**Student:** 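Next up is a structure, given as structure tokens.
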Amino acid sequence: MSRNPLVREVPPTSWFFRHPRYMRYMAREITCIFIGAYCVLLVVGLQRLAAGPAAWEGFLLGLRSADSIVFHLLALVAAFYHAATWFNATQKAMPLQIGEDFVPGNLISGAHYAVWVVLSLVVLFLAGVF
Amino acid sequence: MAKSHKPVVWFPFAAGGTVIAFCIPVIVVLTFLAALGHVPAGLSYEKMHAFAASGLGKLIIFGVVSLSLWSSAHRLRCTCYDFGLRADTLAATILYVAAITGSLAAAVFLLRI
Amino acid sequence: MDTISTDVAIIGAGGAGLRAAIALAEADPKLRIALISKVYPMRSHTCAAEGGAAGVIKPDDSFDLHFDDTVGGGDWLSDQDCVEYFIHEAPKELMQLEHWGCPWNREADGSVAVRPFGGMKKKRTWFAADKSGFHILHTLFQTSLQFPTITRHDEYYALDLLVDDGRCQGVTALEMRSGVLRQFHAKAVIIAGGGAGRMFPFSTNGAIKTGDGMAMAYRAGAPLKDMEFVQYHPTGLPNTGSLLTEACRGEGGILVNKHGRRYLADYGMGPETPVGQPQLKTMELGPRDRVSQAYWHELQKGNTVTTQWGECVLLDMRHLGEKKINERLPLVRELAEAYLGVDIVKEAVPIRPVVHYMMGGISTNTQAATPLPGLFAAGECACVSLNGANRLGSNSLVELLVFGRRAALSAAEHVQGLPASNAAALNAQAEKTQQRIDELFTRSDGSESMSGLRREMQETMEKNVGIYRTEAGLQEGVNKIHELRQRYSRVKLTDKSSVFNTDLFQVLELGSMLDCAEAVTVGALARKESRGAHQRLDYVERDDKNFLRHTMVHHRGLDAPGVDYLDVVITKSPPGVRDYSGDHK
Amino acid sequence: MSNSPPRSQPPLAAPHGGAAASLGRPGGSSERIVQLEVLRYNPDTDTEAHFQRYEVVCQEEWVVLDALNKVKADIDPTLNYRWSCHMAVCGSCGMMINGEPKLSCHAFLRDYEGVIRVEPLAHFPVERDLVTAPDDFMEKLKRVKPYLIPKEEKPISAGEYKQTPAQLMKFRQYSMCINCMLCYAACPEYGLTPGFIGPAALTLAHRYNQDSRDGGRAERQEVVATHEGVWECTFVGACSEVCPAHVDPASALQQMKITSSIDWIVEHLIPGGKSARDTASREDAGDIS
Ligand SMILES: Cc1cc2nc3c(=O)[nH]c(=O)nc-3n(C[C@H](O)[C@H](O)[C@H](O)COP(=O)(O)OP(=O)(O)OC[C@H]3O[C@@H](n4cnc5c(N)ncnc54)[C@H](O)[C@@H]3O)c2cc1C
Ligand code: SF4
Ligand code: F3S
Ligand code: FES
């Protein structure tokens, strides 16, 4: 008698149910669908903008539907989730060594969050939100 | 095995990921406000038009839109694979072409402004 | 039976085996090298060594000092020509590892850093964080990957040496994943099989340290030397045997018995020093063996603490405070918390001495050659007589390198111009091994359980051949081990499957351990003196007149082994008073 | 020095609350019956794997490996698994414990409730019971040339290659890998695409690339920068989450993606830009040695 190694196939379409961390990963990846769709919306917006004031107003009015609100909510969640995962990851992709020591990872991601908040506030301010 | 040309698609993906993280949330907030009926002053036709008409404005808008599109397309390509879709070349072609088309469209519209 | 032809077969891919393989590959790119190991190389127990490796490198140090430390530390049982060779090769070997990428700790100017170590008068221990052995092993393993002439046979369990025409010409080994026995025909064999601490119930040694290499050579006719010298480390966790580093005491930890007394003061290591102010050479900073021995006396007096893991004394570090403990002893805190559930900030840790290292092993000379032509040995399984009666910490990692390489060079020389081997004779021997295995599988009267025999052996070793020994206890030990060896021939193999049958390997390992245990007990009974790690209550003095000699134990099948002696080589340092204070200078 | 009083500082030195009883977990000896559900597979007799239940009397502070050892010694000698060091350094005892890749010598019973499910490491073929075949990993390890390829050869007699503590720290973390393969069992991309060189092997390449003494990055790029190299990694990050030695392979791989991308740009977009070797030596400008 002899060897007969047992190969356990990974189920290609359902593997991510096996562990919560895989679900978190898939959630991160799926944000791209909403971001992508939202980018398409932006392109449409550009088209409307190019078409003149009436078209632009129509575009803004068109945003005011229940579907649009739901979509925006989803896109917002996706965008925030993406931002958080991205900022937390940067310290891994680009660790910073000063002398012997590495700058602690949460300092790096913390700096990202800070810049992000400031940038967002500036944009909101320029856009006249407050 | 030959070295991969992945960097061609990966670099813009990484750049786009950063752009999405920093810029998209706040932009979504803006249009969300509009969707709720509180159109921010900055989204008026005059303001938007003026912004998009300036060279810098065009550059920013194009950068954000095209990189974000690219990043999303690339990530979707990987996600398709993760979901068990094994036709990677096909998925890549469709998605990248879509992203490029979207970017080109954005460029055309911007130039018309 | 499959035959694998090679030039040199190396048994064991720990530090010693890998160093030998690389040295062979470098010495002669035409040599075919078979590297046989029962575990993947990086699983070898060299990975567990923490402290570091000694080699003279700094300007304030000298070869003479390293010589004196080693010979004195070994209680003059070291062969001084061997020590001489060793101390000169040591820095070269450590430097060679540096050139292979070993991440040695560094000084600010980029040179290699050294730290002080027990028994060494100068700072000369090279270290890679607290994972020196790990880094040495992985550096060697990774370096070995670039040599195409090294063919690894991972997870092959070596069984018997093939000896014909008065010389060693190969080995049989079981491929563990298939259960198939193969024979390796080789012009020379190097054994680098590691130690045998698993003969004892409490050991810092990994599960693989079962003395297979020693037993293999022993059965093939090469004598085992100085096996009675077994090193105990004073502070091990009582359940897992994990080591709590000497630094616990270096930082100011104290040892107390169940009455709260710092009992070391009662064993010539006092007077007591103030708590939290450790001083070199006294009390808790006494020498390793003396501290271990004091535990034994406390045990006899009933002063030990009874815990769920057996009799212990307490290592108290609470007065160091949480801050210092976290700063200096984070690993110790984690270890005690994780494995015992004791937080050293809040509680004293129960500890006990734990078997750590075998000074004895296959008898080799300074060329790493055994008395059996064609057979070489290096590493913990060998006794080249560097460590004498007591090994100094951080000498053995270097021993692996120095004598691993030396064994390779000797083997490379040996294989030149050998007469052709008699394949038929070798095949016939290999068949015998096959029969031995087959018999285990078909044995119907197997009545002895493997784990039962193992337990009895471990209890016997602990009880009779521990830190202190007596005539009566040793005699009991000899008798018991003899009995267990007889009973072993009726051991029952429960698992009859072919693939990765660890029941089978454990049975075989038990056989090896019993062979080694026999040499330990017989050697200890015969050595009527106290020297280094061999302490007898009935012969408390060192006896240079009768026992400045190496014990040589010869295998005699199931009969009692033969014992004779070999003189110690003394070149320039006549036996003197062992300077225990050197341990912490 | 004190004059050796018969008993020094009793309150400090005395074990609190009458010795034995207070040692270890409260309540003295704390035994617990643990239910293990172990995946069994014997190629001699089985065509499929199945779970087997064992009830083991354990000490509270034991690890899963201790429980398995108890099964092996007292209940079922035919159970097979690897282990050696019992101190999380030899890397042999990796298993899936309740679905998570773990070193069984570092998986504490007190962290588990109910039945503990023990399976062989995911993504590797099962040789028998909990023993997997690591051949694929071993082969990949070799492919990344995980050894020092010196920038400049020099004889031993010329002494050490100088390396500052800061230069050492740059790669030290990546040299701590114990080859336990938990990261391979955790990485879904390795599971989906077995050709992927995988976290530990690539990280080892990074370890040498980052070593100030090394000049072999260009050679390693031939493996690292391929499709099966870093580009198969989608930054799941599971590898770093399960790594018992805190090596952080995810970090190493992302860094390598960045350098590989820079290489590509240098090679393809900058006239005269050639190989990784250039970037490698540029990166290390400012070395001492
Ligand atoms: C916890 C601990 C800490 C230590 N700290 C230090 C220190 O700080 N400094 C120091 O100098 N020393 C230290 N030592 C001692 C030192 O680590 C060992 O003596 C040394 O590593 C032994 O190396 P080796 O190559 O001889 O054997 P090992 O590394 O044990 O390798 C033995 C090899 O033989 C193989 N083998 C065994 N039997 C068979 C068989 N039947 N068939 C095939 N292959 C077989 C095994 O697979 C393995 O590859 C320490 C030891 C321990 C346990
Ligand atoms: S990187 Fe970590 S998890 Fe992966 S093999 Fe190395 S030590 Fe194990
Ligand atoms: S889990 Fe796998 S995908 Fe990359 S980050 Fe780790 S190797
Ligand atoms: S037994 Fe060595 S890592 Fe667990």
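All figures in this text were calculated on a predicted structure; none of them were measured in a lab. Excluded from the calculations below are hydrogen atoms, water molecules and symmetry mates; all remaining heavy atoms, backbone and side chain alike, are included. All chains are named by letter (A, B, ...) in the order of the sequence lines, taking the proteins before the strands, and each is independently numbered beginning at 1.
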**Student:** So does D/H50 have more than 12 non-hydrogen atoms from other groups sitting under 6.0 Å from NE2?
**Tutor:** yes
**Student:** Cation over ring, A/R28 on D/F235, under 6.0 Å and within 45°?
**Tutor:** yes
**Student:** Can you tell me which portion of A/F102 sits under 4.5 Å from chain D's heavy atoms? Options are side chain, backbone, both or neither.
**Tutor:** side chain
**Student:** Using a 4.5 angstrom heavy-atom cutoff, name the option from D/V126, D/I258, D/T234, D/L168 with the most pairs to chain A.
**Tutor:** D/V126
**Student:** Yes or no on side chain to side chain contact (heavy atoms under 4.5 Å, CB included) for A/R21 and D/V242, after CA distance, side-chain angles and deciding distance?
**Tutor:** CA-CA 11 Å; A/R21 73 161 65 87; D/V242 302; 3.7 Å; yes
**Student:** Rounded to the nearest 0.5 Å, what's the gap from CE on D/M96 to CZ on A/R18? Could you check?
**Tutor:** 8.0 Å
**Student:** Can you tell if the side chain of D/E127 reaches within under 4.5 Å of the side chain of A/P5, non-hydrogen atoms only?
**Tutor:** yes
**Student:** Rounded to the nearest 0.5 Å, how far apart are OG of D/S240 and NZ of A/K92?
**Tutor:** 4.0 Å
**Student:** Crowded around A/F125 CZ? As in, over 12 foreign heavy atoms under 6.0 Å?
**Tutor:** no
**Student:** How close do D/Y41 and A/N4 get, heavy atom to heavy atom, and via which atoms?
**Tutor:** OH-O, 2.5 Å
**Student:** Tell me, out of D/P188, D/G99, D/A238, who's got the most heavy-atom pairs with chain A below 4.5 Å.
**Tutor:** D/P188
**Student:** Let me see the working for D/M169 and A/D101 under side chain to side chain contact (heavy atoms under 4.5 Å, CB included), right down to the final yes or no.
**Tutor:** CA-CA 7 Å; D/M169 290 312 285; A/D101 301 320; 5.6 Å; no
**Student:** Residues of residues 112-122 of chain D under 4.5 Å from chain A (heavy atom pairs)?
**Tutor:** D/P120, D/L121, D/A122
**Student:** I'd like to know if the side chain of A/Y22 reaches the main chain of D/A186, judged simply by a donor and an acceptor atom lying under 3.5 Å from each other, with no hydrogens or angles considered.
**Tutor:** yes
**Student:** Would the distance check show the side chain of A/Q97 and the main-chain N or O of D/A166 forming a donor-acceptor pair, the cut-off being under 3.5 Å?
**Tutor:** yes
**Student:** Using every non-hydrogen atom in the two residues, find where D/A49 and A/L6 come nearest and quote the distance to one decimal.
**Tutor:** CB-CD2, 3.7 Å
**Student:** Measure the spacing between CG of D/D44 and CZ of A/R3 and express it to the nearest 0.5 Å.
**Tutor:** 12.0 Å
**Student:** What heavy-atom pair brings A/V7 and D/P125 nearest, and what distance separates the two atoms?
**Tutor:** CG2-CB, 4.2 Å
**Student:** Would D/E100 and A/H19 satisfy side chain to side chain contact (heavy atoms under 4.5 Å, CB included), going step by step from the backbone distance to the final call?
**Tutor:** CA-CA 8 Å; D/E100 179 83 355; A/H19 202 290; 2.5 Å; yes
**Student:** Could you pull out the closest heavy-atom pair between A/A93 and D/Q255, with the gap in Å?
**Tutor:** O-CG, 3.2 Å
